[in-house]
Every structure is written in C-alpha cells, then in structure tokens.
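Note that these values count all heavy atoms, side chains included, but never hydrogens, waters or copies made by symmetry.
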Amino acid sequence: MSIVRRLLQKPGTIELAPFQQLLPQVEAHEQRLRGLSDGELTAVAQAARDDAEICACCREAAWRALGERPYDVQVLGTLAMLSGLIAEMATGEGKTLCGALAAAGHALRGRPVHVMSVNDYLARRDAEWMRPVYDLLGVTVGWIGQASTAAERRRAYAAQVTYAAVSEFGFDVLRDRLVTDTADLVAGDPVVVLIDEADSVLIDEARVPLVLAGAAETANIDREMARIAAGLRPGQHYEIDEDGRNVSLTSAGAGAAEHALGGIDLYTAEHTGELTRLNVALHAHALLQRDVDYIIRDNAVQLINESRGRVTRRQRWPDGLHAAVEAKEGLAASESGEILDTVTIQSLVRRYQTICGMTGTAAAAGEQFREFYGLEIAVIPPNRPCVRADEPDRLYPTLNAKEKAIVGQVAAAHATGRPVLIGTLDVAGSEQLAGQLGRAGLRCTVLNARNDAQEAAIVAEAGAYGAITVSTQMAGRGTDIRLGGSSGDRVQIAGLGGLYVIGTSRHASSRLDHQLRGRAGRQGDPGGSVFFASMEDELILQYAPDEVRGPVAESRAPWVLGHAQRVAEGVNLEIHRNTWQYNKLVEDQRRIVLGHRERVLRSDDALSALAQRCPERLAELSPGVDRRVLVSAARQVVLFHLDRAWAQHLAFLADLREGIHLRALARGTAPLNEFNREAILAFGPLLDEVAAQSVETFRIAEITADGVDLDAIGLKRPTATWTYLVHENPFGTDIDRALRSVARRFRKDAV
C-alpha cells in the first residue's frame, strides 16, 4: 500500500530510504565522539556541517545530558525536520527530544530557530528540560511566556533556539509592527520555525486571527436583547438548523420579540438594527453552551478550544457575540477597542524561510499541509511495533443506551484493575459521565478546562493500577501515560492488557480520534481502544442526518460514522479554504504596507520624502534642530499616519466582508471577486494619502530640539495596547445572521 500511495503521490509517503542510509554514518561518528571530553564534543558540534555528523553530536549530547540515547527512529525524525518536513511520530516515541535535536541541528548550521509550542507550560518545560542538551552542543536557548517582559523577550530571541507558545510569537510580531524606533523591536528574524503538534497549530487553528487592539474601552452590553432572547422557547419561538450553525425566529418568536420591543416591525428597514441585535443575542442564548463552548471562571467568559479541550486564554468571539454571551451570563463587559492589526497563524508561520515540525497525526491532514503550506509528511515508524488492540466502533440507537454501555464497559475493565482513560468531547460531557460513574460506585479523576493546571499530574497517573481518568481532548497534553504511573509497576499493568482507551463519541476530525487512541500502546506497550457512538450523537445528527431515519445494521456502523466524519472534515476544510482565499489579498496588501513601514523605520526615507514635498519647512527647522531629531520627527509623523491608515483599511475590509454577499448579488458577481475588486480600489490611494497627510502634519507640527509633539495637534497613539485571539465565528457575521433570519421568515410566509 505504501508503494501505491507513493505512485499516487499521496501525502505521508516521503521515501525514508535517504535518511535511513545515513544511520550507519551517524553511528560511525558517534563511536568516534564517545571518547571526547564535553568541551571537545562542543567544539566538534560547532564545527559540524553535514547531517550525519550533526545528528551524531546531538545523540551523544542527549546521552550525556539526559541519559537517553535517541533511537534510530528519533534520528530519522530529526533528519526529516532538518530537511523541512513534518515528521509524524506516534505518541510516546520521544517527539520532545527529537524536536530539540532538530532545533539544535538547524542552529548549528547558523540558522536561528523558533520552536512553537501549543501553550506556555510546554514551552517553558521543554526549553528547561532540553537545556542540558543544548548546553553540551554550545547552542543557546531561551523561552517566552505570557508574563515575560520586553527585556526578557529580547534575551530569549537573542538565543539561537527560542521556545514560546504560538500566540506569543504572533503577539510579538504584532507589537513590533507599531514601534517607532528600532530599539523597541522585540521579535527575532523568521528563519526556521519548528512546530510541535503541527496539525493542531497549522490546520485546526490556522483560521484564528491574533489581534492587536488599542484605545481600549468597555464593550456595550445589550442586556435588553439578552432578556428577550432568554424568554423565547425552542420550537415555539425559534428553530435551530440541522447543522447547528443558525437559529431563526418563527412567526410566533418574531411577534413576541416585537411586542417586547414596544410593538415595532422587526422586518422593516428602520428596525434592521434591532433585528441584528436580537439575532446576536439569540445565537448567544441558543447556540453557545456553557461548559461546552465556554466556562465561567473568575467572573469572566473563558472560551474552550475545541481541538484541545482546554481554556484558551485571551480569546474572544467576534461580531458582538462575546458581549452577547457576557450579557446572557449577567457578567460585566470586558474591554474592547479599535483593531490596529491582525495576523492569522497561517500567515505568521508562512513568514519563515523553513517550516518543519512534528505531530502524532500528520498524514490525515496531508492534503491540507500540501495545499496551504507546500509541506510534505514523513511518517516515521515506531521504535517498537504497536500491539494495541483497536476494537470495532460500537453504535447504539440512543444516547441513553450508549451511556449505559460505556459505564458497563468501564466497570468491567476496572474490576480487573486495568487503568481506563475515557475521552469526552467537552467539559459538560466529562462531568456528566463522571457523575454517572460515581453513581455506579466507580471513582474517577476528571481532566477538563476547569482544572487544566493540574493536567500533567493527572495524565502522568492515568496508567496506574485501577485508575479511571475522564478527560476532554488529549491533543497537546505533553505528558506520556506510563503503565503503572508513578509506582512504576509496568509489568503488572501490562499483564492486565495495558491502558484501555474509551472514546465516548467520534470527533469531527479523525485526527482527534487517532490522538486519543495513541495514548495507549506507546513504545510497544500492550493497550486497547474502543469508541462508542449513538445515532443521537451531534456528529451524526449534523453531518449524516439521513442515516437517523431507520435502524442501522451493526455491519454498517463503521460506514455511518466514517461518512459523518468525512462530511465534517470536508466542511471544515472548505471553511479553511474560503477564509484563506479572502485573506490572501489582504496579506499582499499588508506586505506592501509593512515593507514601506520597514523602510521608514530603518532609514532616512521619511525625512527625504517630506523634504521634497515641503522644502521650505525643512529649511525653517534645520538651523535650530539637529538632523537626527528631524529624522526621528519625520519618522514619527509618517509612521503615525501609516498605522492609522492601515487600521482604518482593516476596519473597511471587515465591513466589506460583512456585506459582500449583498454587493455581489446586486452586481451579479462572485462574492470573492467582488471583495477583491473593492479591496483593491480602496487600497490603491492609501500610500499617497499617507504621504499627503504626513506633509500636512510636518508643516504644522511643533518640532523642537526635543522632537515632535503630535499629541498637541490631536494625533494620539493608543495609550495602551492589548492582545487577544478572535475565536472562529461559526455563525457568520451580524449581517449574515440577520439575512438568514429574514430569509427564513419569508420562506415560511410563502408556504
């Protein structure tokens, strides 16, 4: 099959033979290195240039520093990443060490490396854990966390290898785009990026924009609409579409809302605003569920990352949805402000000259890696063959029947002392199952977004005798489940069959299923897995509704579940593709603006340009003001207007995107083509307008030996900036929601 896949040029079929042929050379170099002192090893590593010698130095350093000699398969993974590939390595195969060796290898070639982790905890843990290896190789390493100061960030970026969460790299890039002096720059050059959990970062989160906002203010809380939405009843006042992405008022619901608003007609032009506000509130009320989509902690709405099952700090929904959820929950409004710039993770990563990474489930996302990043997958075989027993899926007609079966299965395994890991889709599901297990006399430990700070300790003990662990998504947990837990009684647990993984539902992505399964059977250990599903699961109701109409034969169950999952993956791929298509032109325009900004920031171009447009003002200032001050003043003026113009252009594009379907309908064109046409027309005069405004400001601003005072003429930069991530909005924009509501109302009236 692997030969056929290679002939068909399928993802994940990179030939490993060239890497395997280097393994004898690596071992030969290693034999030579064993007799060297630590200092001599460092010197050899610093002089090494070919892949085999670099890997040998790295392997020897790992053995001396950590007592771990990387397996041949880890060397293969290292070679793959040194070649700019994504290495697929199963859970428990030592990806952290493999990634460190690859990062060190790139650094020894003189190329700075940014190692992107999925969170602050893993970034710091991995940097400190691997530091002895880097030290032996003569490679400097640093890490960045959310609380790191600007000075600490500069020191970390000055190192040859820098670890940080993906969001921290992005926020540093955004903040650097606002500096007016090169001394204030923080982020390092984008040369090599090595991404841990590459599919999660590059695929699942690629649509999530990172945002830099300024002039923060309190968002408007629409408590009136929240109260009206809370009084509406499903089925009577509103209906939810089969795909769960839209909720619409019925005639009775519209009437009730109109009465509550004083007898207005929501469907007239003058009350479009009220209809939009009500739709936002109704979406927050009906489609965003507490303990599924978000939790309330520290009197704030905290979003839950769907692919990781943990809280995503500094993340919020767009288009008023976040404020609507705060109103729904009776919370105080969080701050809001003008968006100064954004960057998607996809755009952030594509800045780098070399992209590589590792994950346990890359091949399933191979087409997307190839389409969006031009990346190929190297599937690295396990060090020891996987002997995990994966049982067929079990499909039940109802949720109730499925849940009873799960409890029974857990009880049977627990009775033998076999450790059980149960994967659920969300916080609510994990806590509901924990309650059912408790009522059955089965004590369990729960790991979800509420207690994710304890995740390392919980996961580490999930393989202990008699342990029952209920967890949301296992992707990116960063801790192996070792048989026997801290007691280390591996033999006893192995004799019981190893860790038993139970999935309570199939995920919308098969990769998440594989990540959960992969927690059992690490490094050749015994283990088992089974997934339970029901015809009332959200996956089937939303993506395979036709299958719900009649009984499903047991032999047909795998096809039904696979079909629903494939449809879900296709929908998400299309969303990703559509988002990227809209973003491509914006990225092109951003590159032009940033190129212009870079020239202004690092040269005298601003003063030269202003001197040509208003030489009399330069002549007036030159006798009393030092040229360096004039250069700085001109730079401040131009950068202020450039940054303002870009922020205003982004706001225009956001408004344009909201109403683009109406514009396209009016012109009879495709929405994307219409968006690009309007965006190009709006961007055309931007730099000329910046130049004209800069000249006017240069003429009237007070410029002294101390510099320019822009505040005095009302040109104020934000006194503070703040960063956050915009959570993907599955429900569309405000206008999308209102239009769908109107369309449904008219369809019902027509019937």
Side-chain angles (χ1 to χ4, degrees), residues 211 213 215-234 236-240 244-250 252-264 266 271-306 311-339 426-428 449-450 654 658 722 724-742:
V211 174
E217 59 187 26
T218 301
N220 293 322
I221 289 285
D222 200 336
R223 301 198 187 278
E224 178 187 27
M225 290 301 179
R227 177 182 55 79
I228 293 173
L232 301 177
R233 297 292 174 260
Q236 178 185 356
H237 295 124
Y238 63 84
E239 295 178 351
I240 299 175
R245 291 177 179 265
N246 186 48
V247 57
S248 299
L249 291 167
T250 62
E258 289 168 344
H259 176 74
L261 291 168
I264 67 172
L266 283 171
H271 293 298
T272 300
E274 286 89 342
L275 177 62
T276 297
R277 289 164 48 210
L278 179 58
N279 270 282
V280 175
L282 190 56
H283 276 72
H285 173 75
L287 299 183
L288 293 175
Q289 299 179 48
R290 185 169 175 168
D291 294 338
V292 175
D293 302 294
Y294 64 94
I295 64 172
I296 303 299
R297 190 161 66 185
D298 300 328
N299 290 318
V301 173
Q302 297 191 357
L303 278 61
I304 297 174
N305 184 301
E306 183 179 342
V311 165
T312 53
R313 293 166 179 81
R314 293 191 298 181
Q315 191 161 354
R316 58 190 292 125
W317 287 291
D319 299 319
L321 271 178
H322 202 91
V325 174
E326 290 170 332
K328 165 188 172 182
E329 298 291 349
L331 300 172
S334 57
E335 60 184 351
S336 181
E338 178 187 36
I339 292 177
D426 48 55
V427 174
R450 294 191 193 280
E658 274 204 4
W722 57 293
Y724 62 92
L725 292 88
V726 176
H727 188 278
E728 178 193 352
N729 181 359
F731 313 130
T733 65
D734 291 351
I735 289 180
D736 290 336
R737 290 189 284 268
L739 283 175
R740 286 197 293 262
S741 180
V742 173

- Item | side chain to side chain contact (heavy atoms under 4.5 Å, CB included) partners of His271, counting only residues at least two apart | Ile264, Thr268, Glu274
- Straight-line distance of Glu258 CD to Leu275 CG, nearest 0.5 Å: 9.0 Å
- Query: Which atom names give the shortest non-hydrogen contact between Leu232 and Gly253, and what distance separates them?
  - Reply: CD2-O, 4.2 Å
- Message: What's the separation between atom CG in Asn299 and atom CG in Leu331, rounded to the nearest 0.5 Å?
- Response: 6.5 Å
- Message: On a heavy-atom basis, which atom in Ala226 and which in Ala281 lie closest, and how many Å separate them?
- Response: N-CB, 4.1 Å
- Message: Ala257: which residues meet the side chain to side chain contact (heavy atoms under 4.5 Å, CB included) condition with it, sequence neighbours left out?
- Response: Ile228, Leu266, Leu278
- Query: So do the side chains of Asp293 and Leu287 get within less than 4.5 Å of each other, counting heavy atoms only?
  - Reply: no
- Note on the structure: So CD of Glu326 and CG of Asp222: to nearest 0.5 Å the spacing works out to 12.5 Å
- Is any side-chain heavy atom of Leu261 closer than 4.5 Å to a side-chain heavy atom of Glu224? yes
- Message: Distance check, rounded to the nearest 0.5 Å: Ser248 atom OG versus Leu282 atom CG?
- Response: 8.0 Å
- Would you call Arg223 and Arg227 a side-chain contact if the rule is heavy atoms closer than 4.5 Å? no
- Item | Point-to-point distance, once rounded to the nearest 0.5 Å, from CG of Leu321 to NE2 of His283 | 7.5 Å
- Residue set satisfying side chain to side chain donor-acceptor pair (under 3.5 Å) with Tyr238, at least two apart, ordered chain then number -> none
- Query: Do Met225 and Val280 come close enough that some side-chain heavy atom pair is under 4.5 Å?
  - Reply: no
- Evaluate the side-chain proximity of Thr250 to Gln236: yes if any heavy-atom separation is below 4.5 Å, no if none is. no
